[in-house]
Amino acid sequence: MADAELGGRVRTEIGDVMIYLTRLADVLGIDLLAAANDKLAEVARRYPANEMRGSAAKVPRVTRIRSSE
């Protein structure tokens with residue numbers, strides 16, 4: 001970042017988020033890399049680059065998944 005002070009603060013916050021996310025995934029037994037890869041595959045399936053590239057159209061609405069709890 002051009003602003004060194006802001007960059008330092010942002011870096012600290014990102015570190016905090018990373019620590020929290022890593023701990024949460026560990027507690028819940030979630031493999032972070034597998035979760036990220038699964039999400040990327042889902043996005044690629046839902047929004048094929050060859051169909052979406054250069055489009056100014058809005059992304060189709062995503063229906064909210066409700067928990068059965």
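The first residue of the sequence shown is numbered 1, and numbering continues consecutively from there.
Rounding to the nearest 0.5 Å places CZ of R11 at 12.0 Å from CG of D16. D38 CG to D31 CG: the interatomic distance, rounded to the nearest 0.5 Å, is 9.0 Å.
No side-chain donor-acceptor contact under 3.5 Å links D26 to the backbone of T22.
Using a cutoff of 4.0 Å between basic side-chain nitrogens and carboxylate oxygens, R9 and E5 are scored as salt-bridged.
When hydrophobic clusters are built by joining Ile, Leu, Val, Met, Phe, Trp and Tyr residues whose side-chain heavy atoms come closer than 4.5 Å, directly or via intermediates, I30 is grouped together with Y20. The same ILVMFWY cluster, assembled from side-chain heavy atoms under 4.5 Å apart, contains both L6 and I14.
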